[in-house]
Amino acid sequence: MDPANGFVVAIPARYAASRLPGKPLRLLGGEPLVLHVARRALAAGAREVWLATDDARVADAMDGTAGVRVAMTSPDHASGTDRLAECATIAGWGDDTIVVNLQGDEPFAPASGIGEVARVLAASGAPMATLAEPVTDARTLFDPNTVKLVRASSGDALYFSRAPLPWPRDAFARDRDVLPEGGHWLRHIGIYAYRAGFLQAFSRMPPGLLEQVESLEQLRVLEAGYRIAVALAPEPFPPGVDTPEDLERAEARLAGTAPRTA
C-alpha cells in the first residue's frame, strides 16, 4: 500500500481542555488554532481529513474549509484515542485504513512528518507507529513534561517514560547539567499512526499498570504485547500549544515566519 495515496488524518479536538479552556478556538494569527492544524493535515496529502470533536463551536470553525469533514463525537470520551475510534466508526474506515492521529494543538506540525508516520506504519507491519527526535540538552532530558523513549535496533519502541532514559550512570554521577557525548536520547513526538482495526482494539483495552504510573497512554500498547514502530522525524516538530504561554510563543513564531506585506 502506498500511504501517500491511502492514509487519512483525524484530529481530536476537545473544547474543555483543562490547561487552556476552549483551546481549539483560541486565536492564532486571528484564526482558530484548530484551523491551522487542519491545514497542516491537508498539506500532508491525506486522502481524507477529519475533525473529531464534541462541541458544535469547534465544528463551526471548519465552515468553508474544503477537504475537512467533521465527526461529532461523545463528550464522555476519556482520551483522544477513544474519540478517534468513534470517528473511525462514523467515517466507515476499513480495518486496514492507515489513520494518523494529529493532535488538535499542533499548528506547526510539518507535512513531511505527518506523511512519514503513515509511511513507517505501512513499511513496518506494526499496528501502530510514532516519531521521535534527538534530545540535545540536559534540561529537556530531565523535564518530566518531555516524554522520552528508547527503541530496539529494529526501530520498535522498548519503553516510553517521563524520566530521563537511558541513564548514563558514570557520567551523571559526575555532572547532570550537561549531556555526555555519544548519547542517543530521544524525545517522543506525540503523533501516531494506526490501522483502523487496531485503533478500535486499542480503545477497548483496559488501562495498563505502566500507563497509570507514567500517565502515558501508549504504554498500554507495549504492556499488552503489541509493537510500536518508531522513526526519526524528517524535520523538527515545533512545540504544541498546551498553555497560555505556549499560545504566546506560537503567536510570536507565526508572526516571525509570516511573509511581510506592503
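As a basis for the values below, the full set of heavy atoms in this structure was taken, side chains included, without hydrogen atoms, waters or symmetry mates.
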Apply side-chain contact (heavy atoms from CB on, under 4.5 Å) to the pair I11 and Q103, showing each step before the final yes or no.
-> CA-CA 6 Å; I11 304 166; Q103 298 298 316; over 6 Å; no
Contact summary for V70 and A59, nearest pair of heavy atoms | CG1-CB, 3.7 Å
Okay, side chain of H188, backbone of F160: is any donor-acceptor separation there less than 3.5 Å?
-> no
What class does the angle between the rings of W50 and W93 fall in, given that below 30° is parallel, 30 to 60° is tilted and above 60° is perpendicular?
-> perpendicular
Which atom names give the shortest non-hydrogen contact between I98 and A122, and what distance separates them?
-> CD1-CB, 3.8 Å
What one should report as the nearest heavy-atom pair of P107 and H36 is CB-CB, 3.8 Å
State whether the side chain of R47 and the backbone N or O of G6 hold a donor-acceptor pair below 3.5 Å, judged by distance alone.
-> yes
Could you tell me whether the side chain of R249 and the main chain of P239 form a donor-acceptor pair under 3.5 Å?
-> no
Measure the acute angle between the ring planes of Y192 and Y194, then classify it against the limits of 30° and 60° as parallel, tilted or perpendicular.
-> parallel
Kindly state each residue pair satisfying side-chain hydrogen bond (donor to acceptor under 3.5 Å, both in side chains) with at least one member in residues 161-175, sequence neighbours excluded.
-> S161-E214
Side-chain donor/acceptor of E86 to backbone N/O of S74, under 3.5 Å = yes
Heavy atoms only: give me the nearest L84-A52 pair and the separation to one decimal.
-> CD2-CB, 4.1 Å
Heavy atoms only: give me the nearest P110-P236 pair and the separation to one decimal.
-> CG-O, 3.6 Å
salt_bridge(R220, E217) N-O dist < 4.0 Å = yes
After noting the C-alpha distance and the side-chain angles of T146 and R187, does the key distance pass the side chain to side chain donor-acceptor pair (under 3.5 Å) rule?
-> CA-CA 7 Å; T146 299; R187 177 181 82 87; over 6 Å; no
Among L35, V49, L51, V34, which one satisfies side chain to side chain contact (heavy atoms under 4.5 Å, CB included) with T65?
-> L35
Inter- and intrachain pairs under side-chain hydrogen bond (donor to acceptor under 3.5 Å, both in side chains), touching residues 199-210, at least two apart | T89-Q200
Indicate, with yes or no, if the rings of Y226 and F198 have centres closer together than 6.0 Å.
-> yes
Going by chain and number, the hydrophobic cluster around V178 (ILVMFWY, side chain to side chain under 4.5 Å) further includes none
What residues, two or more places apart in sequence or in another chain, satisfy side-chain hydrogen bond (donor to acceptor under 3.5 Å, both in side chains) together with D54?
-> none
Given side-chain contact (heavy atoms from CB on, under 4.5 Å), test R151 with L186 step by step and report yes or no.
-> CA-CA 9 Å; R151 59 180 184 165; L186 294 174; 3.9 Å; yes
Non-hydrogen side-chain atoms of T53 and M72 separated by less than 4.5 Å = yes
Taking a hydrophobic cluster as the set of Ile, Leu, Val, Met, Phe, Trp and Tyr residues connected by side-chain heavy atoms closer than 4.5 Å, whether directly or through intermediates, do I191 and L216 fall within one such cluster?
-> no
side-chain contact (heavy atoms from CB on, under 4.5 Å) evaluation trace for L199 with T81 = CA-CA 7 Å; L199 173 60; T81 303; 3.8 Å; yes
Going by the side chain to side chain contact (heavy atoms under 4.5 Å, CB included) test, name the single residue among L121, I189, I228 that passes it with T130.
-> I228
Contacts satisfying side-chain hydrogen bond (donor to acceptor under 3.5 Å, both in side chains) that involve residues 228-238 (not counting sequence neighbours) are S112-E235
Residue pair T243 / D246, side-chain donor-acceptor N/O under 3.5 Å | yes
Not counting sequence neighbours, list each pair that qualifies as a ring-ring contact (aromatic ring centres under 6.0 Å, His included) and has a residue in residues 51-70.
-> none
Using the ring of F108 (Phe, Tyr or Trp, six-membered ring only), decide whether R253 places NZ or CZ under 6.0 Å from its centre and within 45 degrees of its axis.
-> yes
Salt bridge between R57 and D60, side-chain N to carboxylate O under 4.0 Å?
-> no
Heavy-atom side-chain proximity of R14 to R83 below 4.5 angstrom = yes
So, does E223 use its side chain to make a donor-acceptor pair with the main chain of L210 at under 3.5 Å?
-> yes
